[in-house]
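Read the structure below first, then the notes.
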There are 2 protein chains.
Amino acid sequence: MADKATDQRIVAAADDLFYRQGYEHTSFRDIAEAVGISRGNFYHHYKSKDDILRAVIERRLDNTRLLLRQWEQQASSPLDRIICFVKILTTNWAKIRLYGCPVGTLTTELSKLDHPAKKQASEVLTLFRQWLKAQFIALEKAPEKADELAMHVLAFSQGVATLASAYRDKAFVQREIDGMCKWLTQLAAQQE
Amino acid sequence: MADKATDQRIVAAADDLFYRQGYEHTSFRDIAEAVGISRGNFYHHYKSKDDILRAVIERRLDNTRLLLRQWEQQASSPLDRIICFVKILTTNWAKIRLYGCPVGTLTTELSKLDHPAKKQASEVLTLFRQWLKAQFIALEKAPEKADELAMHVLAFSQGVATLASAYRDKAFVQREIDGMCKWLTQLAAQQE
DNA sequence: AGAAATATAGGACAACCGTCCTATACAGTC
DNA sequence: GACTGTATAGGACGGTTGTCCTATATTTCT
C-alpha cells in the first residue's frame, strides 16, 4: 500500500509550487527538494508529472468543496454567502497579489499548453459557478438568471485578481469589492 | 546593418507563438520553424530569448498605441471610444476563446516566472489604463474617479476574457458586453 | 528471526533547452 | 573581378528536463 502521508506531502508541495511558479516551470527537482525526498523515489508515489497534476487538481477540488461547505455554515443567508466568495480576494490577498488566482491562472496555463488535464482544471471553476448559482437561486427565485449572475460574479473575481497581481494595488481591490457587495445587496433587497 | 525584414518576421512569429503557447513553452526551434530559418542564424538578429521577448513587448506596445489612435479616429465621443475597447472581446473572439487576453496572460506568466521583463509587459496594460482614464476624464469632468473607472473597465475585460477561454461561451461574453455598455451609457448620460 | 513487500536513494537515459562557434553563401563596394 | 561585411546553416556545448532502472534500507507479516 502506498504511503499516504508522503503522497499528501508531495501533492501539497506540488500544489503550492504549481500555484507560485506555474505547472511547466516547476520541475521534479523543485518538488523533491520541497518535500525532502530524492527524485528517484518519486515514481513509487506518482507515475508521471501529469499524474501529480491530476492529484493536485483533485486536491483543489476537495479543498474547494470544503471551503464552500464552510461558507454555508458561516453565513446563513445566500447574500452573505456570495459576499464570502467576493471577499476571498482580501482574505487571500497576500498570495493573490503575488501569484494571482490559483484557479484562473492554472486553467489559463493548461489551456495554452493544450494539456489533457485542462478540462479537469476548469471543474474547480465550475464548482464555484454551481455553488454561486445555487445561492442566486436561493436569493431571488428566478432560476433562469442565476447562472448568468454566477458567471458575472466569477468574471468579476477573475478580473480583479488579474489586475491585483499586475499592479499589486490593495486599494483598488477593496474598492471593487465594496462596489460589488453594494450591487449584490441592492440586488437582494429588490427581490424581497 | 541588420536585415529589418527578417527581424520583423521573427518578432511577429514570436509574438504569435508567445500568445498561443506561452513564453516559456515556446522554444527557439518553434520560432525558427515558424519563420523558416535555422536556429544558428537567430543570434544575428537577437542575442537571446529575453531579447526577443523585449522586442515582442515593444511590438505590442507599438501595436496598442496604433489601435488606440484608430479608436480615437473611428469614434468621436469618449463613450463610443470606451465601448470600442469593451467590444474588443467580440472583435477578437476567435483568438480570445482559444488563448485568452494576450496582455493579461503574458503579464500573469511573466509574473509567475519572476521574469525581468514583467514590468515592461504590464506597460501594455497601463497603456490601455491611461487611455481609458483620458476618455473618462473627457466624459465626466471628474478626474479624481477617472482612473478608478478605467481600472474597473480593465478588470471587467480581463475577467470576461479569462472565463471566455475557460468555457468558450460566446453568449456569456455578449451578455457581459451588453451589460457593461448599458452601464457606461447610463454613466455618460447622468454626467450631462 | 526470516521472508516478503514497500520506501528510498542515486544515477543512467535520451531528448530538449538556450547559447555559441565555425564554415559557407551572398551582398554591395572599390 | 577580388574584397569586405552581413546572412545563413548546421552542429557542438553544457545544462536541465521527465522518465526509468537498480541497489539498498526500512517496514510488515508470518
Side-chain angles (χ1 to χ4, degrees), chain A residues 1-58 106 109-110 112-118 120-121, chain B residues 1-58 106 109-110 112-118 120-121:
Chain A
M1 197 206 293
D3 184 341
K4 294 286 179 186
T6 306
D7 283 13
Q8 280 198 319
R9 283 200 304 147
I10 292 174
V11 182
D15 191 347
D16 182 52
L17 286 168
F18 290 172
Y19 176 35
R20 280 164 38 210
Q21 306 184 344
Y23 170 70
E24 197 175 27
H25 192 61
T26 301
S27 69
F28 265 55
R29 191 179 252 95
D30 293 335
I31 304 173
E33 280 179 10
V35 180
I37 62 173
S38 70
R39 279 155 291 136
N41 185 18
F42 243 107
Y43 286 75
H44 270 269
H45 299 277
Y46 298 96
K47 59 179 191 290
S48 70
K49 196 181 178 186
D50 289 1
D51 197 31
I52 294 182
L53 177 60
R54 183 198 50 72
V56 165
I57 296 176
E58 272 181 21
L106 183 67
E109 183 184 359
L110 296 185
K112 292 218 181 199
L113 299 180
D114 203 25
H115 194 282
K118 70 176 176 180
Q120 196 196 357
Chain B
M1 194 205 295
D3 184 341
K4 293 285 179 188
T6 306
D7 282 12
Q8 280 197 319
R9 283 201 304 149
I10 291 173
V11 182
D15 190 349
D16 182 53
L17 286 168
F18 289 172
Y19 177 33
R20 280 163 40 210
Q21 305 185 344
Y23 170 70
E24 197 175 27
H25 192 61
T26 300
S27 69
F28 266 56
R29 193 181 248 95
D30 293 335
I31 304 173
E33 279 179 11
V35 180
I37 62 173
S38 70
R39 277 157 294 134
N41 185 20
F42 243 108
Y43 286 76
H44 271 269
H45 299 277
Y46 298 96
K47 60 180 191 287
S48 70
K49 195 183 178 184
D50 290 1
D51 197 30
I52 295 182
L53 177 60
R54 183 197 48 72
V56 165
I57 296 175
E58 273 181 20
L106 183 66
E109 183 184 359
L110 295 184
K112 293 218 180 197
L113 299 180
D114 202 26
H115 194 282
K118 72 176 175 181
Q120 196 194 358

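Given the structure is predicted, the values throughout are model-derived calculations rather than measurements. Naming convention: chains lettered A, B, ... in sequence-line order (proteins, then strands); numbering from 1 in each chain.
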*Rounded to the nearest Å, what distance is computed from the CD atom of residue A/Glu33 to the C1' atom of nucleotide C/dA9?*
15 Å
*Within this structure, what is the CD1-to-P distance between B/Ile31 and C/dC17, rounded to whole angstrom?*
11 Å
*A/Ser27 side chain N/O closer than 4.0 Å to the phosphate oxygens (OP1, OP2) of D/dT17?*
yes
*Whole Å only: how far is the OH atom of B/Tyr23 from the C1' atom of C/dC17?*
12 Å
*Residues B/Asp51 and B/Tyr43: side-chain donor-acceptor under 3.5 angstrom*: no
*Side chains of A/His25 and A/Asp30: do they bring a donor and an acceptor to under 3.5 Å?*
no
*Counting just side-chain N and O atoms, does A/His45 come under 4.0 Å of either OP1 or OP2 of C/dT6?*
no
_Atom-to-atom span, CG of B/Asn41 to P of C/dA25 - whole angstrom_ = 15 Å
*Specify the separation, in whole Å, of atom CG of B/Asp7 and atom P of D/dT6.*
14 Å
*Measure from the side-chain heavy atoms of B/Phe28 and tell me the nearest of C/dG18, D/dT16, D/dT19.*
C/dG18
*Can you tell me how far P of D/dA7 sits from OH of B/Tyr46, to the nearest Å?*
12 Å
*asked:* Measure CZ/B/Arg39 against C1'/C/dC21 and give the value in whole Å, please.
replied: 14 Å
*Which atoms form the tightest heavy-atom contact between A/Tyr46 and A/Val11, and what is the distance?*
OH-CG2, 2.7 Å
*asked:* Let's see if you can work this out: which of D/dA7, C/dC17, D/dA9 has an atom nearest to the side-chain heavy atoms of B/His44?
replied: D/dA7
*asked:* As a test of reading the structure: which of D/dT8, C/dA7, C/dG18 is closest to the side chain of B/Lys49, going by heavy atoms?
replied: C/dG18
*asked:* Using OP1 and OP2 only, check whether a side-chain N or O of B/Tyr43 sits under 4.0 Å from C/dC20.
replied: no
*When the distance from CD of A/Glu24 to P of C/dG18 is rounded to whole Å, what number comes out?*
11 Å
*Determine, for A/Asp50 against A/Arg54, whether the closest basic-nitrogen to carboxylate-oxygen distance falls under 4.0 angstrom.*
no
*asked:* The side chain of A/Ile37 is closest to which nucleotide in this list: D/dA9, C/dA9, C/dT19?
replied: C/dA9
*Would you please confirm or rule out a distance under 4.0 Å between OP1 or OP2 of C/dC17 and any side-chain N or O of B/Arg29?*
yes
*Upstream residue (5' side of DNA chain D) when A/His25 and B/Gly36 are each assigned their closest nucleotide*: B/Gly36
_Pairwise side-chain contact, A/Val56 with A/Leu106, heavy-atom cut-off 4.5 Å (strictly under)_ = no
